[in-house]
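Report on one structure; see the data block that follows.
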Amino acid sequence: MIRWLLLGFIVLNANALYAIDQIIMKDTDVLEEKIYKKHWYFTLDTTLIMYNNPLSYTGSKNTFKSKEHLPYIGPTLAIGYAFPLSSSFWTSTQISGFFYQNKEREIERAKEEYPLSIRDSIVDNKMYGLFISQTFTIRMKMGSYFFEPFAQIGIGYALANNKLKYTYDDLVNMEEYYVRVDEELAFQNVALGFNILSKNGIYLFTKIQKNLITIGKYEKYGSERAYGDSTFLGTANPIVPVNESDNFTKNRDEFSASLGFGYIY
Amino acid sequence: MNAINTKRSFANKTLLLVISCFILVSCNKRKETYIYDSLSDQSKTNIDQKQQADCIKDESTLFDNLSTNTSEAFTDLEAGDTFEVKDNGGETSKVIILYVSASNLYFYIQGNSSMNDINGYDIFSIDRVYKYRLLDHVAHIDDILAEYCNSSTYSNNTHNSSSTAFEYTLIEEREDAINGTSTEIKQAFALPTKRPAFFQFFDVLYSEQALDENGDADGDAKSSEYTVEQIADTDVEDTDFIDDIQAATQCVFVDQDTCSSIDDTTCTVINLYSVPPTDSCQSASLTSPLFEVPGFEL
(Lines give C-alpha, C1' and ligand atoms only; values in the text may rest on other atoms or scores of the structure.)
Protein backbone atom coordinates (compact mmCIF):
# COMPACT_ATOMS: atom_id res chain seq x y z
CA MET A 1 0.00 0.00 0.00
CA ILE A 2 2.78 2.41 0.93
CA ARG A 3 4.57 1.71 -2.32
CA TRP A 4 1.42 2.49 -4.34
CA LEU A 5 0.82 5.70 -2.46
CA LEU A 6 4.41 6.80 -2.91
CA LEU A 7 4.17 5.95 -6.61
CA GLY A 8 0.98 7.96 -6.79
CA PHE A 9 2.70 10.80 -5.02
CA ILE A 10 5.56 10.80 -7.50
CA VAL A 11 3.19 10.77 -10.46
CA LEU A 12 1.03 13.54 -9.02
CA ASN A 13 4.01 15.67 -8.19
CA ALA A 14 5.92 15.28 -11.41
CA ASN A 15 4.18 18.43 -12.52
CA ALA A 16 5.08 20.24 -9.33
CA LEU A 17 8.71 19.18 -9.54
CA TYR A 18 8.83 20.49 -13.09
CA ALA A 19 7.24 23.72 -11.93
CA ILE A 20 9.72 24.14 -9.10
CA ASP A 21 12.58 23.52 -11.46
CA GLN A 22 11.19 26.19 -13.77
CA ILE A 23 10.90 28.64 -10.88
CA ILE A 24 14.48 28.18 -9.82
CA MET A 25 15.80 28.51 -13.33
CA LYS A 26 13.57 31.25 -14.69
CA ASP A 27 13.58 34.98 -14.15
CA THR A 28 11.52 35.94 -11.10
CA ASP A 29 9.96 39.06 -12.60
CA VAL A 30 8.20 37.05 -15.29
CA LEU A 31 6.65 34.82 -12.72
CA GLU A 32 5.64 37.72 -10.50
CA GLU A 33 3.72 39.21 -13.39
CA LYS A 34 1.66 36.03 -13.76
CA ILE A 35 0.49 36.28 -10.19
CA TYR A 36 -1.29 39.54 -10.92
CA LYS A 37 -3.11 38.19 -13.97
CA LYS A 38 -5.92 35.67 -14.26
CA HIS A 39 -4.38 32.26 -14.18
CA TRP A 40 -4.73 28.49 -13.94
CA TYR A 41 -3.51 26.78 -10.82
CA PHE A 42 -3.45 23.39 -9.18
CA THR A 43 -3.37 22.33 -5.57
CA LEU A 44 -2.47 19.16 -3.78
CA ASP A 45 -3.27 18.65 -0.14
CA THR A 46 -3.74 16.16 2.63
CA THR A 47 -7.22 16.24 4.10
CA LEU A 48 -8.58 14.78 7.27
CA ILE A 49 -12.34 14.31 7.33
CA MET A 50 -14.51 12.81 10.03
CA TYR A 51 -16.96 10.16 8.94
CA ASN A 52 -18.43 6.96 10.34
CA ASN A 53 -18.04 3.22 9.96
CA PRO A 54 -21.50 1.61 10.10
CA LEU A 55 -20.24 -2.00 10.28
CA SER A 56 -20.63 -4.02 13.43
CA TYR A 57 -20.25 -7.69 14.21
CA THR A 58 -20.58 -9.81 17.31
CA GLY A 59 -18.78 -13.12 17.15
CA SER A 60 -17.76 -15.68 19.72
CA LYS A 61 -14.11 -14.62 19.67
CA ASN A 62 -14.36 -10.95 18.76
CA THR A 63 -16.75 -8.04 18.62
CA PHE A 64 -16.58 -5.05 16.28
CA LYS A 65 -18.67 -1.97 16.99
CA SER A 66 -19.76 0.68 14.52
CA LYS A 67 -17.89 3.95 14.99
CA GLU A 68 -18.93 7.57 14.68
CA HIS A 69 -16.58 10.42 13.72
CA LEU A 70 -13.81 8.24 12.45
CA PRO A 71 -10.87 10.15 10.89
CA TYR A 72 -10.42 9.46 7.18
CA ILE A 73 -7.26 10.92 5.69
CA GLY A 74 -5.97 11.25 2.16
CA PRO A 75 -4.98 13.48 -0.74
CA THR A 76 -7.08 15.97 -2.71
CA LEU A 77 -5.91 17.13 -6.11
CA ALA A 78 -7.55 20.18 -7.61
CA ILE A 79 -7.24 22.32 -10.70
CA GLY A 80 -8.84 25.72 -11.04
CA TYR A 81 -8.96 29.06 -12.75
CA ALA A 82 -8.64 32.34 -10.83
CA PHE A 83 -9.29 35.88 -11.91
CA PRO A 84 -9.22 39.22 -10.11
CA LEU A 85 -12.39 41.06 -9.21
CA SER A 86 -10.24 43.99 -8.06
CA SER A 87 -6.54 44.51 -7.25
CA SER A 88 -6.86 42.65 -3.97
CA PHE A 89 -10.04 40.60 -4.35
CA TRP A 90 -10.01 37.40 -6.34
CA THR A 91 -12.35 34.58 -7.13
CA SER A 92 -11.66 31.15 -8.54
CA THR A 93 -13.52 28.05 -9.70
CA GLN A 94 -11.98 24.69 -9.19
CA ILE A 95 -12.72 21.01 -9.58
CA SER A 96 -11.07 18.52 -7.28
CA GLY A 97 -10.84 14.81 -6.82
CA PHE A 98 -10.11 13.09 -3.55
CA PHE A 99 -9.40 9.73 -1.95
CA TYR A 100 -9.60 9.41 1.83
CA GLN A 101 -9.03 6.30 3.85
CA ASN A 102 -9.01 4.91 7.34
CA LYS A 103 -7.54 1.45 7.59
CA GLU A 104 -6.69 -0.67 10.58
CA ARG A 105 -5.39 -4.19 10.66
CA GLU A 106 -4.82 -6.40 13.65
CA ILE A 107 -3.21 -9.79 13.18
CA GLU A 108 -2.57 -12.43 15.77
CA ARG A 109 -0.21 -15.05 14.45
CA ALA A 110 0.90 -18.37 15.86
CA LYS A 111 4.63 -17.77 16.18
CA GLU A 112 7.43 -15.89 14.50
CA GLU A 113 8.93 -18.90 12.74
CA TYR A 114 5.50 -20.01 11.54
CA PRO A 115 3.35 -16.91 11.21
CA LEU A 116 0.09 -18.70 10.64
CA SER A 117 -2.72 -16.19 10.95
CA ILE A 118 -5.00 -17.08 13.87
CA ARG A 119 -7.01 -13.88 14.08
CA ASP A 120 -6.93 -11.33 11.31
CA SER A 121 -9.18 -8.31 11.13
CA ILE A 122 -9.02 -5.61 8.48
CA VAL A 123 -11.25 -2.61 8.84
CA ASP A 124 -10.89 -0.65 5.62
CA ASN A 125 -12.90 2.54 5.17
CA LYS A 126 -12.58 4.50 1.93
CA MET A 127 -14.20 7.57 0.46
CA TYR A 128 -13.55 8.99 -3.01
CA GLY A 129 -15.27 11.49 -5.22
CA LEU A 130 -15.33 14.95 -6.82
CA PHE A 131 -15.96 18.51 -5.62
CA ILE A 132 -16.75 21.68 -7.53
CA SER A 133 -15.93 24.78 -5.52
CA GLN A 134 -16.01 28.54 -5.79
CA THR A 135 -13.43 30.47 -3.78
CA PHE A 136 -13.29 34.15 -2.79
CA THR A 137 -9.86 35.42 -1.80
CA ILE A 138 -8.46 38.64 -0.38
CA ARG A 139 -4.80 39.24 -1.27
CA MET A 140 -2.61 41.12 1.22
CA LYS A 141 1.10 41.74 0.70
CA MET A 142 3.25 40.91 3.72
CA GLY A 143 6.97 41.42 3.09
CA SER A 144 8.09 39.15 0.33
CA TYR A 145 4.93 37.01 0.52
CA PHE A 146 1.20 37.41 0.12
CA PHE A 147 -1.27 36.45 2.81
CA GLU A 148 -4.58 35.38 1.30
CA PRO A 149 -7.52 34.55 3.55
CA PHE A 150 -10.32 32.89 1.60
CA ALA A 151 -13.84 31.52 1.87
CA GLN A 152 -15.05 28.61 -0.25
CA ILE A 153 -18.35 26.98 -1.03
CA GLY A 154 -18.80 23.75 -2.90
CA ILE A 155 -20.81 20.71 -3.77
CA GLY A 156 -19.66 17.17 -4.39
CA TYR A 157 -20.48 13.55 -4.97
CA ALA A 158 -18.68 10.63 -3.38
CA LEU A 159 -18.78 6.94 -2.78
CA ALA A 160 -17.91 5.47 0.57
CA ASN A 161 -17.18 1.86 1.22
CA ASN A 162 -16.47 0.22 4.51
CA LYS A 163 -15.07 -3.27 4.64
CA LEU A 164 -14.68 -5.59 7.57
CA LYS A 165 -12.69 -8.70 6.80
CA TYR A 166 -12.39 -10.78 9.90
CA THR A 167 -11.34 -14.37 10.36
CA TYR A 168 -10.50 -16.41 13.43
CA ASP A 169 -9.10 -19.90 13.03
CA ASP A 170 -7.02 -21.59 15.72
CA LEU A 171 -7.25 -24.93 13.85
CA VAL A 172 -9.80 -26.12 16.41
CA ASN A 173 -12.52 -23.49 16.06
CA MET A 174 -13.15 -20.76 13.56
CA GLU A 175 -15.46 -17.94 12.53
CA GLU A 176 -15.44 -15.57 9.56
CA TYR A 177 -17.12 -12.34 8.59
CA TYR A 178 -16.40 -10.63 5.25
CA VAL A 179 -18.82 -7.80 4.73
CA ARG A 180 -18.77 -4.53 2.83
CA VAL A 181 -21.06 -1.50 3.00
CA ASP A 182 -21.33 0.87 0.01
CA GLU A 183 -22.87 4.31 0.37
CA GLU A 184 -23.55 7.13 -2.08
CA LEU A 185 -22.88 10.55 -0.62
CA ALA A 186 -23.78 14.07 -1.72
CA PHE A 187 -21.71 16.93 -0.26
CA GLN A 188 -22.43 20.57 0.38
CA ASN A 189 -19.67 22.42 2.14
CA VAL A 190 -18.31 25.75 3.24
CA ALA A 191 -14.68 26.36 4.11
CA LEU A 192 -12.46 29.04 5.58
CA GLY A 193 -8.71 29.13 5.17
CA PHE A 194 -5.72 31.05 3.99
CA ASN A 195 -2.87 30.85 1.48
CA ILE A 196 0.69 32.00 1.95
CA LEU A 197 1.76 32.82 -1.58
CA SER A 198 5.33 33.39 -2.66
CA LYS A 199 6.14 35.72 -5.51
CA ASN A 200 7.14 32.82 -7.70
CA GLY A 201 3.65 31.32 -7.65
CA ILE A 202 3.96 28.49 -5.15
CA TYR A 203 1.75 28.70 -2.13
CA LEU A 204 0.94 26.82 1.03
CA PHE A 205 -2.63 26.70 2.19
CA THR A 206 -4.74 25.37 4.98
CA LYS A 207 -8.49 25.35 5.50
CA ILE A 208 -11.21 23.96 7.70
CA GLN A 209 -14.44 22.89 6.13
CA LYS A 210 -17.91 22.04 7.32
CA ASN A 211 -19.61 19.35 5.23
CA LEU A 212 -23.27 18.53 5.03
CA ILE A 213 -23.23 14.93 3.83
CA THR A 214 -26.42 13.38 2.50
CA ILE A 215 -26.41 9.59 2.35
CA GLY A 216 -28.66 8.49 -0.49
CA LYS A 217 -28.08 4.77 -0.90
CA TYR A 218 -26.89 2.02 1.39
CA GLU A 219 -25.92 -1.49 0.40
CA LYS A 220 -24.40 -4.16 2.64
CA TYR A 221 -23.19 -7.47 1.26
CA GLY A 222 -20.74 -10.26 1.91
CA SER A 223 -20.63 -13.55 3.74
CA GLU A 224 -20.12 -15.04 7.15
CA ARG A 225 -19.32 -18.35 8.76
CA ALA A 226 -20.71 -18.96 12.22
CA TYR A 227 -18.44 -20.07 15.05
CA GLY A 228 -17.74 -23.79 14.96
CA ASP A 229 -15.13 -26.37 14.03
CA SER A 230 -12.13 -25.32 11.99
CA THR A 231 -11.82 -26.30 8.35
CA PHE A 232 -8.58 -27.97 9.50
CA LEU A 233 -10.81 -30.60 11.11
CA GLY A 234 -12.97 -30.87 7.99
CA THR A 235 -16.25 -30.14 9.76
CA ALA A 236 -16.61 -26.37 9.56
CA ASN A 237 -19.92 -24.54 9.38
CA PRO A 238 -20.98 -23.43 5.89
CA ILE A 239 -20.45 -19.91 4.58
CA VAL A 240 -23.72 -18.01 4.29
CA PRO A 241 -24.34 -14.77 2.37
CA VAL A 242 -25.09 -11.42 4.01
CA ASN A 243 -27.24 -8.97 2.00
CA GLU A 244 -29.01 -5.79 2.98
CA SER A 245 -29.78 -2.64 1.02
CA ASP A 246 -31.81 0.51 1.41
CA ASN A 247 -32.60 3.78 -0.33
CA PHE A 248 -33.05 6.60 2.12
CA THR A 249 -31.94 10.12 2.84
CA LYS A 250 -29.91 10.69 5.94
CA ASN A 251 -27.88 13.79 6.71
CA ARG A 252 -24.65 14.12 8.65
CA ASP A 253 -22.57 17.14 9.58
CA GLU A 254 -18.86 16.45 9.50
CA PHE A 255 -15.78 18.68 9.68
CA SER A 256 -12.63 18.35 7.65
CA ALA A 257 -9.25 20.07 7.63
CA SER A 258 -6.69 20.35 4.84
CA LEU A 259 -3.05 21.28 4.50
CA GLY A 260 -1.35 21.46 1.15
CA PHE A 261 0.32 23.47 -1.52
CA GLY A 262 -0.54 24.95 -4.88
CA TYR A 263 1.12 26.38 -7.91
CA ILE A 264 0.03 29.21 -10.17
CA TYR A 265 0.79 28.82 -13.87
CA MET B 1 21.98 34.25 -5.62
CA ASN B 2 20.12 34.93 -2.36
CA ALA B 3 16.83 35.07 -4.25
CA ILE B 4 17.49 31.67 -5.79
CA ASN B 5 18.46 30.20 -2.43
CA THR B 6 15.27 31.61 -0.89
CA LYS B 7 13.20 30.06 -3.66
CA ARG B 8 14.97 26.74 -3.32
CA SER B 9 14.48 26.76 0.44
CA PHE B 10 10.78 27.54 0.05
CA ALA B 11 10.37 24.81 -2.55
CA ASN B 12 12.24 22.29 -0.43
CA LYS B 13 10.14 23.06 2.63
CA THR B 14 6.97 22.77 0.60
CA LEU B 15 7.97 19.41 -0.80
CA LEU B 16 9.06 18.21 2.62
CA LEU B 17 5.71 19.19 4.07
CA VAL B 18 3.76 17.39 1.37
CA ILE B 19 5.95 14.29 1.52
CA SER B 20 5.41 14.21 5.28
CA CYS B 21 1.67 14.43 4.74
CA PHE B 22 1.75 11.53 2.31
CA ILE B 23 3.85 9.39 4.59
CA LEU B 24 1.31 10.13 7.31
CA VAL B 25 -1.44 8.99 4.96
CA SER B 26 0.49 5.88 4.02
CA CYS B 27 0.98 4.73 7.59
CA ASN B 28 -2.17 2.76 8.14
CA LYS B 29 -2.54 1.32 11.60
CA ARG B 30 -1.26 -2.21 11.81
CA LYS B 31 -0.77 -4.31 14.89
CA GLU B 32 0.77 -7.76 14.84
CA THR B 33 1.25 -10.12 17.78
CA TYR B 34 2.12 -13.77 18.37
CA ILE B 35 -0.21 -15.80 20.53
CA TYR B 36 0.92 -19.41 20.28
CA ASP B 37 1.59 -19.68 24.02
CA SER B 38 -1.91 -18.53 24.89
CA LEU B 39 -3.68 -21.08 22.69
CA SER B 40 -5.20 -24.34 23.85
CA ASP B 41 -3.11 -27.50 23.82
CA GLN B 42 -5.23 -28.90 21.01
CA SER B 43 -4.62 -25.78 18.93
CA LYS B 44 -0.89 -25.99 19.56
CA THR B 45 -0.83 -29.63 18.48
CA ASN B 46 -2.77 -28.86 15.30
CA ILE B 47 -0.59 -25.86 14.51
CA ASP B 48 2.57 -27.94 14.94
CA GLN B 49 1.12 -30.61 12.66
CA LYS B 50 0.21 -28.07 10.03
CA GLN B 51 3.60 -26.38 10.31
CA GLN B 52 5.40 -29.65 9.69
CA ALA B 53 3.07 -30.58 6.82
CA ASP B 54 3.50 -27.16 5.21
CA CYS B 55 7.25 -27.29 5.63
CA ILE B 56 7.49 -30.75 4.07
CA LYS B 57 5.27 -29.61 1.21
CA ASP B 58 7.30 -26.44 0.67
CA GLU B 59 10.67 -28.14 0.81
CA SER B 60 9.83 -31.44 -0.85
CA THR B 61 11.02 -30.37 -4.30
CA LEU B 62 14.35 -29.30 -2.94
CA PHE B 63 14.79 -32.50 -0.98
CA ASP B 64 13.61 -34.60 -3.91
CA ASN B 65 16.31 -32.98 -6.01
CA LEU B 66 18.81 -33.62 -3.27
CA SER B 67 17.81 -37.24 -3.08
CA THR B 68 18.12 -37.62 -6.84
CA ASN B 69 21.43 -35.84 -7.06
CA THR B 70 23.12 -37.51 -4.15
CA SER B 71 22.13 -40.97 -5.30
CA GLU B 72 24.99 -40.50 -7.74
CA ALA B 73 27.18 -41.07 -4.72
CA PHE B 74 26.89 -44.80 -5.21
CA THR B 75 28.41 -44.63 -8.66
CA ASP B 76 30.66 -41.70 -7.96
CA LEU B 77 32.58 -43.54 -5.25
CA GLU B 78 35.03 -46.39 -5.73
CA ALA B 79 36.43 -49.00 -3.40
CA GLY B 80 39.51 -47.58 -1.77
CA ASP B 81 38.32 -43.98 -1.75
CA THR B 82 39.40 -42.61 1.59
CA PHE B 83 38.27 -39.62 3.60
CA GLU B 84 39.84 -38.11 6.66
CA VAL B 85 37.53 -36.69 9.31
CA LYS B 86 39.04 -34.26 11.80
CA ASP B 87 37.52 -32.83 14.95
CA ASN B 88 38.26 -29.39 16.35
CA GLY B 89 40.74 -30.92 18.80
CA GLY B 90 42.91 -32.17 15.95
CA GLU B 91 41.94 -35.85 16.35
CA THR B 92 41.39 -37.72 13.09
CA SER B 93 39.68 -40.81 11.79
CA LYS B 94 39.43 -42.40 8.39
CA VAL B 95 36.38 -43.36 6.36
CA ILE B 96 37.19 -45.92 3.66
CA ILE B 97 34.91 -47.11 0.89
CA LEU B 98 35.02 -50.90 0.72
CA TYR B 99 32.50 -51.84 -1.89
CA VAL B 100 30.12 -50.00 -4.18
CA SER B 101 27.31 -51.28 -6.36
CA ALA B 102 24.30 -49.51 -7.86
CA SER B 103 22.25 -50.20 -4.77
CA ASN B 104 24.69 -51.01 -1.97
CA LEU B 105 27.57 -49.23 -0.33
CA TYR B 106 29.89 -50.61 2.33
CA PHE B 107 32.25 -48.33 4.16
CA TYR B 108 34.61 -48.66 7.06
CA ILE B 109 34.96 -46.07 9.82
CA GLN B 110 38.15 -46.24 11.78
CA GLY B 111 37.53 -45.99 15.52
CA ASN B 112 39.21 -43.27 17.57
CA SER B 113 37.90 -42.98 21.10
CA SER B 114 39.67 -39.63 21.47
CA MET B 115 37.46 -38.05 18.85
CA ASN B 116 34.78 -35.72 20.17
CA ASP B 117 31.41 -37.41 20.37
CA ILE B 118 29.15 -34.74 18.93
CA ASN B 119 25.71 -34.82 20.49
CA GLY B 120 25.81 -38.57 21.07
CA TYR B 121 26.30 -39.50 17.42
CA ASP B 122 28.78 -42.18 18.49
CA ILE B 123 30.27 -42.32 15.02
CA PHE B 124 33.94 -42.82 15.78
CA SER B 125 34.05 -44.63 19.12
CA ILE B 126 35.00 -48.04 17.66
CA ASP B 127 35.87 -49.61 14.30
CA ARG B 128 32.72 -50.25 12.30
CA VAL B 129 31.69 -51.40 8.86
CA TYR B 130 28.42 -49.99 7.60
CA LYS B 131 26.14 -51.41 5.00
CA TYR B 132 24.29 -48.53 3.49
CA ARG B 133 21.81 -49.14 0.67
CA LEU B 134 20.43 -46.72 -1.87
CA LEU B 135 17.09 -47.25 -0.13
CA ASP B 136 18.72 -46.14 3.11
CA HIS B 137 20.13 -43.10 1.44
CA VAL B 138 16.71 -42.03 0.14
CA ALA B 139 15.08 -42.78 3.49
CA HIS B 140 17.83 -40.82 5.19
CA ILE B 141 17.04 -37.79 3.02
CA ASP B 142 13.35 -38.15 3.94
CA ASP B 143 14.32 -38.28 7.57
CA ILE B 144 16.45 -35.16 7.25
CA LEU B 145 13.42 -33.42 5.76
CA ALA B 146 11.19 -34.62 8.60
CA GLU B 147 13.70 -33.49 11.19
CA TYR B 148 14.25 -30.21 9.42
CA CYS B 149 10.49 -29.61 9.54
CA ASN B 150 10.04 -30.89 13.08
CA SER B 151 8.73 -27.70 14.63
CA SER B 152 8.03 -29.25 18.02
CA THR B 153 11.78 -29.74 18.53
CA TYR B 154 13.47 -27.28 16.24
CA SER B 155 12.78 -23.71 15.27
CA ASN B 156 14.25 -21.15 12.89
CA ASN B 157 15.93 -23.85 10.86
CA THR B 158 17.72 -22.70 7.75
CA HIS B 159 19.16 -24.33 4.67
CA ASN B 160 21.34 -23.39 1.77
CA SER B 161 21.74 -25.39 -1.39
CA SER B 162 24.66 -25.00 -3.78
CA SER B 163 26.11 -27.06 -6.59
CA THR B 164 28.56 -28.73 -4.22
CA ALA B 165 26.69 -29.16 -0.95
CA PHE B 166 23.38 -28.99 0.80
CA GLU B 167 23.83 -27.22 4.10
CA TYR B 168 21.22 -27.02 6.80
CA THR B 169 21.06 -25.91 10.40
CA LEU B 170 18.80 -27.23 13.12
CA ILE B 171 18.18 -24.88 16.02
CA GLU B 172 16.76 -26.18 19.24
CA GLU B 173 16.15 -24.52 22.59
CA ARG B 174 16.45 -26.91 25.50
CA GLU B 175 15.13 -25.83 28.86
CA ASP B 176 16.40 -27.03 32.20
CA ALA B 177 13.26 -27.37 34.27
CA ILE B 178 15.20 -27.47 37.57
CA ASN B 179 17.45 -24.47 37.03
CA GLY B 180 15.03 -22.62 34.79
CA THR B 181 17.84 -21.99 32.30
CA SER B 182 17.80 -22.43 28.55
CA THR B 183 20.42 -23.55 26.10
CA GLU B 184 20.34 -23.01 22.38
CA ILE B 185 21.66 -25.98 20.43
CA LYS B 186 22.73 -25.46 16.84
CA GLN B 187 23.67 -28.29 14.53
CA ALA B 188 24.93 -27.23 11.13
CA PHE B 189 25.35 -30.09 8.66
CA ALA B 190 26.97 -30.01 5.24
CA LEU B 191 25.97 -32.79 2.89
CA PRO B 192 28.01 -32.91 -0.34
CA THR B 193 25.65 -33.26 -3.29
CA LYS B 194 27.38 -36.39 -4.62
CA ARG B 195 27.85 -38.27 -1.40
CA PRO B 196 25.63 -40.62 0.62
CA ALA B 197 23.41 -38.82 3.09
CA PHE B 198 25.30 -40.51 5.92
CA PHE B 199 28.23 -38.27 5.04
CA GLN B 200 26.45 -35.39 6.74
CA PHE B 201 27.82 -36.76 10.04
CA PHE B 202 31.38 -36.16 8.84
CA ASP B 203 30.90 -32.43 8.27
CA VAL B 204 29.00 -30.93 11.16
CA LEU B 205 29.29 -27.98 13.50
CA TYR B 206 27.64 -28.36 16.87
CA SER B 207 27.34 -25.54 19.39
CA GLU B 208 25.69 -24.95 22.74
CA GLN B 209 24.94 -21.43 23.86
CA ALA B 210 23.48 -20.69 27.29
CA LEU B 211 20.69 -18.12 27.20
CA ASP B 212 19.67 -15.67 29.86
CA GLU B 213 16.07 -15.04 30.90
CA ASN B 214 15.62 -12.60 28.00
CA GLY B 215 16.74 -15.20 25.49
CA ASP B 216 20.07 -13.42 24.89
CA ALA B 217 23.43 -15.20 24.81
CA ASP B 218 24.90 -15.69 28.27
CA GLY B 219 28.63 -16.43 28.19
CA ASP B 220 30.64 -18.10 25.46
CA ALA B 221 29.27 -20.84 23.22
CA LYS B 222 30.76 -24.34 23.43
CA SER B 223 31.28 -25.93 20.07
CA SER B 224 32.49 -29.15 18.50
CA GLU B 225 33.17 -29.74 14.86
CA TYR B 226 33.95 -32.41 12.32
CA THR B 227 35.40 -31.59 8.93
CA VAL B 228 36.09 -34.04 6.14
CA GLU B 229 38.40 -34.16 3.16
CA GLN B 230 39.28 -36.82 0.64
CA ILE B 231 42.83 -38.11 0.93
CA ALA B 232 44.96 -40.72 -0.88
CA ASP B 233 43.23 -44.02 -1.63
CA THR B 234 43.62 -47.01 0.67
CA ASP B 235 44.58 -50.46 -0.54
CA VAL B 236 41.56 -52.35 0.72
CA GLU B 237 43.29 -55.70 0.02
CA ASP B 238 46.06 -54.93 2.48
CA THR B 239 46.20 -57.79 5.00
CA ASP B 240 46.41 -55.64 8.10
CA PHE B 241 43.50 -53.59 6.93
CA ILE B 242 41.40 -56.71 6.34
CA ASP B 243 42.15 -57.72 9.90
CA ASP B 244 40.78 -54.40 11.08
CA ILE B 245 37.64 -54.94 9.08
CA GLN B 246 37.17 -58.41 10.45
CA ALA B 247 37.41 -57.07 13.97
CA ALA B 248 35.00 -54.24 13.24
CA THR B 249 31.41 -54.09 14.33
CA GLN B 250 28.98 -54.56 11.48
CA CYS B 251 26.16 -52.11 11.14
CA VAL B 252 23.21 -52.19 8.84
CA PHE B 253 20.81 -49.36 8.23
CA VAL B 254 17.62 -51.37 8.26
CA ASP B 255 14.80 -51.89 10.66
CA GLN B 256 14.69 -54.87 13.01
CA ASP B 257 12.37 -56.95 10.85
CA THR B 258 14.53 -56.56 7.80
CA CYS B 259 17.57 -57.26 9.86
CA SER B 260 16.20 -60.59 11.04
CA SER B 261 15.46 -61.54 7.45
CA ILE B 262 19.08 -61.08 6.55
CA ASP B 263 19.87 -64.34 8.30
CA ASP B 264 22.75 -62.90 10.17
CA THR B 265 22.85 -63.16 13.92
CA THR B 266 25.34 -60.38 14.16
CA CYS B 267 23.29 -57.86 12.27
CA THR B 268 23.08 -54.79 14.44
CA VAL B 269 20.45 -52.24 13.76
CA ILE B 270 21.12 -48.60 13.58
CA ASN B 271 17.69 -47.18 13.87
CA LEU B 272 17.58 -45.23 11.72
CA TYR B 273 18.52 -42.09 9.95
CA SER B 274 17.48 -39.54 12.49
CA VAL B 275 19.61 -36.68 13.68
CA PRO B 276 21.27 -37.84 15.86
CA PRO B 277 20.87 -41.60 15.25
CA THR B 278 18.53 -42.83 17.95
CA ASP B 279 20.31 -46.15 18.43
CA SER B 280 24.01 -46.68 18.27
CA CYS B 281 25.82 -49.59 16.73
CA GLN B 282 27.13 -51.63 19.63
CA SER B 283 29.84 -54.26 19.47
CA ALA B 284 29.01 -57.49 17.77
CA SER B 285 31.47 -60.03 16.52
CA LEU B 286 31.46 -60.99 12.90
CA THR B 287 30.71 -64.62 12.21
CA SER B 288 29.76 -64.47 8.57
CA PRO B 289 30.45 -61.94 5.86
CA LEU B 290 27.83 -59.29 5.32
CA PHE B 291 29.25 -58.55 1.94
CA GLU B 292 31.85 -59.73 -0.47
CA VAL B 293 34.51 -57.55 -1.91
CA PRO B 294 36.01 -58.87 -5.12
CA GLY B 295 39.52 -59.97 -4.47
CA PHE B 296 39.28 -60.76 -0.82
CA GLU B 297 37.02 -62.37 1.73
CA LEU B 298 36.09 -61.45 5.22
Side-chain angles (χ1 to χ4, degrees), chain A residues 1-6 8-9 12-13 16-17 19-21 23-25 28 31 44-48 73-75 99-116 118-119 122-124 144-145 170-173 198-200 202-204 230 232-233 259-261 263, chain B residues 1-55 58 149-158 171-173 215:
Chain A
M1 186 62 184
I2 291 173
R3 278 180 300 172
W4 286 111
L5 281 171
L6 287 175
F9 166 75
L12 288 174
N13 282 278
L17 293 171
I20 288 162
D21 183 58
I23 288 160
I24 291 169
M25 301 306 292
T28 305
L31 291 160
L44 182 62
D45 71 48
T46 298
T47 295
L48 184 147
I73 193 165
F99 176 82
Y100 308 144
Q101 188 176 32
N102 173 296
K103 186 174 182 179
E104 289 183 30
R105 184 171 191 186
E106 287 189 29
I107 315 172
E108 289 178 345
R109 298 189 184 278
K111 43 192 173 181
E112 281 190 80
E113 63 272 19
Y114 185 58
L116 177 72
I118 304 296
R119 189 181 83 93
I122 303 172
V123 181
D124 188 5
S144 59
Y145 297 101
D170 63 9
L171 303 190
V172 176
N173 298 111
S198 69
K199 285 183 177 178
N200 53 39
I202 286 183
Y203 61 96
L204 290 174
S230 167
F232 183 76
L233 305 174
L259 177 66
F261 82 107
Y263 177 63
Chain B
M1 182 60 77
N2 283 340
I4 290 175
N5 284 340
T6 302
K7 283 178 237 166
R8 183 174 286 132
S9 172
F10 187 87
N12 287 344
K13 285 174 183 172
T14 303
L15 272 181
L16 189 63
L17 173 73
V18 176
I19 289 169
S20 302
C21 291
F22 270 85
I23 289 172
L24 180 67
V25 172
S26 305
C27 294
N28 294 317
K29 291 178 192 169
R30 183 186 173 100
K31 185 180 173 187
E32 195 161 332
T33 52
Y34 299 96
I35 60 167
Y36 181 82
D37 292 338
S38 65
L39 294 171
S40 68
D41 289 344
Q42 186 58 52
S43 282
K44 289 178 184 174
T45 302
N46 291 354
I47 288 168
D48 288 343
Q49 278 181 11
K50 184 170 169 51
Q51 181 177 2
Q52 186 163 17
D54 288 350
C55 174
D58 292 345
C149 292
N150 181 356
S151 60
S152 59
T153 303
Y154 305 110
S155 61
N156 298 317
N157 298 337
T158 58
I171 301 174
E172 176 187 5
E173 191 172 322

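Letters A, B, ... mirror the listed sequences (proteins, then strands); counts begin at 1. Because the structure is predicted, anything quoted here is derived from the model rather than measured.
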>> Counting C-beta onward and ignoring hydrogens, is there a side-chain heavy-atom pair between A:L116 and B:K50 closer than 4.5 Å?
In response: yes
> Of the backbone (N, CA, C, O) and the side chain (C-beta and beyond), which part of B:D37 lies under 4.5 Å from a heavy atom of chain A, both, or neither?
Replying inline: neither
> What part of A:I122 lies closer than 4.5 angstrom to a heavy atom of chain B: side chain, backbone, both or neither?
Replying inline: neither
> Where do A:R109 and B:Y36 land on the side-chain contact (heavy atoms from CB on, under 4.5 Å) test, with the steps shown first?
Replying inline: CA-CA 7 Å; A:R109 298 189 184 278; B:Y36 181 82; over 6 Å; no
> Which one of A:E106, A:R105, A:E104 satisfies the side-chain contact (heavy atoms from CB on, under 4.5 Å) criterion with B:K29?
Replying inline: A:E104
>> The criterion is side-chain hydrogen bond (donor to acceptor under 3.5 Å, both in side chains); which residues satisfy it with A:E113, sequence neighbours excluded?
In response: none
>> For the backbone of A:L171 and the side chain of B:N46, can you confirm whether one donor and one acceptor N or O come within less than 3.5 Å of each other?
In response: yes
>> For a quick test of reading the model, state the closest non-hydrogen atom pair linking A:I118 to B:I47 and the distance between them.
In response: CD1-CD1, 3.8 Å
> What heavy-atom pair brings A:V172 and B:S43 nearest, and what distance separates the two atoms?
Replying inline: CG2-OG, 3.4 Å
> Hey, mind stepping through A:K111 and B:D48 against salt bridge (charged side-chain N to carboxylate O under 4.0 Å, His left out) and telling me if it holds?
Replying inline: CA-CA 10 Å; A:K111 43 192 173 181; B:D48 288 343; 2.9 Å; yes
> So which of B:E32, B:Q51, B:K31 has the biggest tally of heavy-atom pairs under 4.5 Å with chain A?
Replying inline: B:Q51
> So what's closer than 4.5 Å to chain A heavy atoms on B:K44: side chain, backbone, both or neither?
Replying inline: neither
